[in-house]
There are 2 protein chains.
Amino acid sequence: MLDFAQLRCFAVVAEELHFGRAAARLNMTQPPLSRQIQVLERVLDCQLLDRTSRSVRLTAAGRSFLPEAQRILRLAETAAYVTRQVAAGRAGVLKLGFTAASAYDFLPRLVIACRTAMPDVTLSLREMVTKDQVEGILSGQIDAGLIRPPVLHPELEAERALAEPLVAALPAEHPLAVRDAVALADLHAEPFIGYAPHEASYFHNLLVSLFAGAGIQPRILQQLTQIHSILALVRAGLGLALVPAAAERLRFEGIVFRPLHLAQPQPAEIHLAWRKESDVPLLAPLRTLLRDMQTPPP
Amino acid sequence: MLDFAQLRCFAVVAEELHFGRAAARLNMTQPPLSRQIQVLERVLDCQLLDRTSRSVRLTAAGRSFLPEAQRILRLAETAAYVTRQVAAGRAGVLKLGFTAASAYDFLPRLVIACRTAMPDVTLSLREMVTKDQVEGILSGQIDAGLIRPPVLHPELEAERALAEPLVAALPAEHPLAVRDAVALADLHAEPFIGYAPHEASYFHNLLVSLFAGAGIQPRILQQLTQIHSILALVRAGLGLALVPAAAERLRFEGIVFRPLHLAQPQPAEIHLAWRKESDVPLLAPLRTLLRDMQTPPP
DNA sequence: GACCTCGATGAGTCGAGCTCATCAAGGTCC
DNA sequence: GGACCTTGATGAGCTCGACTCATCGAGGTC
């Protein structure tokens, strides 16, 4: 079998065309260098170098083999380097799940931040609902997921990646649209587009507890799953809705967004979840990145 | 430094995910296999395999390194194979010079024969006059050349690659064009387009000796170097010419070619020439091919 | 709890590759 | 033409790395 040491010896001798100088460059003495070349020639079953005591020249086989040897050596070096980078979490691919809503604003910012902070890291992104992400993390289909809390599965760990305000989405012609901001009390008995209790349980439960806490009860006309569907009904004038601030980025014409004053100003959270015993090296730097994104430098 | 044995060990373990089976496939026992993997991990400064006494799994670094290791192993094998082929004269590139006239018919046949008999051999062809070819062979610019004899240089060797008849090239309206064939005697005092004594000395000298031997003397109007230039003058009706039979392949309209009866039926020769101490492995198979082309199987 | 599987590890041995010394070929120089 | 120099090949001796064999220990199964 071939041997990297032999390839390196051959490449250097082929460059220097002089065993003594080549041996010096290789930090060895001349006799073992001669023997390495001999072994390589025996392995390849052909002469690579024509040598007399006066000159060293490449044979046709040697000329053909030299670039291959150099290529293999380069590849080996690169592979070793890249592998070290991957192990250190400075390079590689991280398969990341995300929910539809996080794509509105958070995900693009994350991708840009990742590209800046870790240019050799690729995020392989897949949109999945929270439940599928949990299964995907457990099965290894994705390395981590951006999901709605709480993360209860005992094999998973999670931490907050984002907290954002809720805003009121109003038809442009709605009476409340003239206000600068909206309070929960304004929504009492208003026609309201809400979230489906099962498919969008996070926002459903969030709103239920907000309304209960404020002692109000909007008139819930429809309960939908996807934020853009809710906004479509709002635009049609059926009612108003509460959505995460990122939804403003959808730029729905005919809808105005107004800040919603709440005791907890940023109640809508996205968490990063991963397998507790995950050995994916990129997890740590990703978590650092997410933490940095929440506390941007002044 | 990396080691091919380690790469092979890692690749097989990564496939089997079992040290015992991998060791069997590698024709070794399990302890040294474990140690090879440990050494590789130390060289790469990271874990490639997560192993307990119950299971073996790839880490992220291992998943990243595996395809690289496989690629390097494949490359090494291919490089060794190709180099052996080159050394044996079954593959590689042969830089071959040729004269303009040999391109008419002989060279295409040679290229096709070469592609059939030695599919892994590439002919790198360059058109050069005989004198430049001799210099090119001596300087190593070309490995061999198809030139006009005689080859006199003491460092060169040569052998006949082709012998072909001469034919008479006549303007279509020429009186001799009605004949089936032409004899040298017919050319006496005829207007004739000949070859330049220096730039086309081979054909010049050949015709001089033919005419002298036949005791005739055509009226030489012009002496040119290139056969296609000579034929252009023939077509213009200035005179007739004697050209190698391959020139018929030029398909000059307005010219008819007629066999020329001679004592030596194939006086126009092309020889293959090469450096005496050339170590180009492809020379031998090329010479065999050229010999086979001259004595085609029945 | 006894047993089994499987990777890690320790002890002993053998061989590959290193160093040093030397040879042989083929130039150079006086 | 002979002494000398350069340079790659080769031989002897030694060292260190890698293999074999035996065994351990973790973690399952029955």
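In what follows, chains are A, B, ... by sequence order, proteins preceding strands, each numbered from 1.
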**Prompt:** Do B/Q36 side-chain and D/dA18 base share a donor-acceptor contact under 3.5 Å?
**Reply:** no

**Prompt:** Quick one: A/L33 CG to D/dG8 P, roughly how many Å, whole number?
**Reply:** 9 Å

**Fill in**
In this structure, CE of B/M118 is separated from CG of B/L94 (nearest 0.5 Å) by 8.0 Å

**Item:** Pairwise side-chain hydrogen bond (donor to acceptor under 3.5 Å, both in side chains) hits with a residue in residues 123-146 of chain A, at least two apart
**Value:** A/S124-A/R126

**Message:** Closest-nucleotide mapping onto DNA chain C: is A/N27 or B/G20 further toward the 5' terminus? I mean the 5' end.
**Reply:** B/G20

**Fill in**
Per nearest nucleotide of DNA chain D, the residue lying toward the 5' end, A/T52 or A/R35, is A/T52

**Request:** Calculate the interatomic distance between B/L26 atom CG and D/dT20 atom P; express it in whole Å.
**Result:** 12 Å

**Asked** Between atom CG of B/D50 and atom OG of B/S55, what is the distance when rounded to the nearest 0.5 Å?
**Response** 7.5 Å

**Fill in**
B/R8 CZ to D/dA18 C1', in whole Å, measures 17 Å

**Request:** Report the distance from atom CD of A/E41 to atom C1' of D/dG8, rounded to the nearest whole Å.
**Result:** 12 Å

**Asked** Just how far, in rounded Å, is C1' of D/dA9 from CG of A/D50?
**Response** 15 Å

**Asked** Angle class for the A/F4/B/F4 ring planes (parallel below 30°, perpendicular above 60°, tilted otherwise)?
**Response** parallel

**Message:** Between A/R74 and A/E77, does any side-chain N to carboxylate O distance fall below 4.0 Å?
**Reply:** no

**Request:** For residues B/I137 and B/G145, report the shortest heavy-atom separation together with the two atoms involved.
**Result:** CD1-N, 3.7 Å

**Message:** How long is the straight-line distance from CE of B/M28 back to CZ of B/R35, given to the nearest 0.5 Å?
**Reply:** 10.5 Å

**Fill in**
Among D/dT20, D/dG8, D/dT10, the one nearest any side-chain atom of A/V56 is D/dG8

**Item:** Interatomic distance, A/R21 CZ vs D/dT7 P [rounded to whole Å]
**Value:** 7 Å

**Request:** Measure the distance from CZ on B/F19 to P on D/dG25 and round it to the nearest whole Å.
**Result:** 20 Å

**Message:** Once you apply a heavy-atom cut-off of 4.0 Å, does A/S55 come out as touching a base, just sugar-phosphate, or nothing?
**Reply:** nothing

**Message:** Under 4.0 Å, counting only non-hydrogen atoms across every strand here, what does B/R54 touch: a base, just sugar-phosphate, or nothing?
**Reply:** base

**Item:** Outermost DNA chain C nucleotides near chain B [under 4.0 Å, heavy atoms]
**Value:** C/dT5 to C/dG10

**Atom-to-atom span, CD of A/E16 to C1' of D/dT6 - whole angstrom** = 16 Å

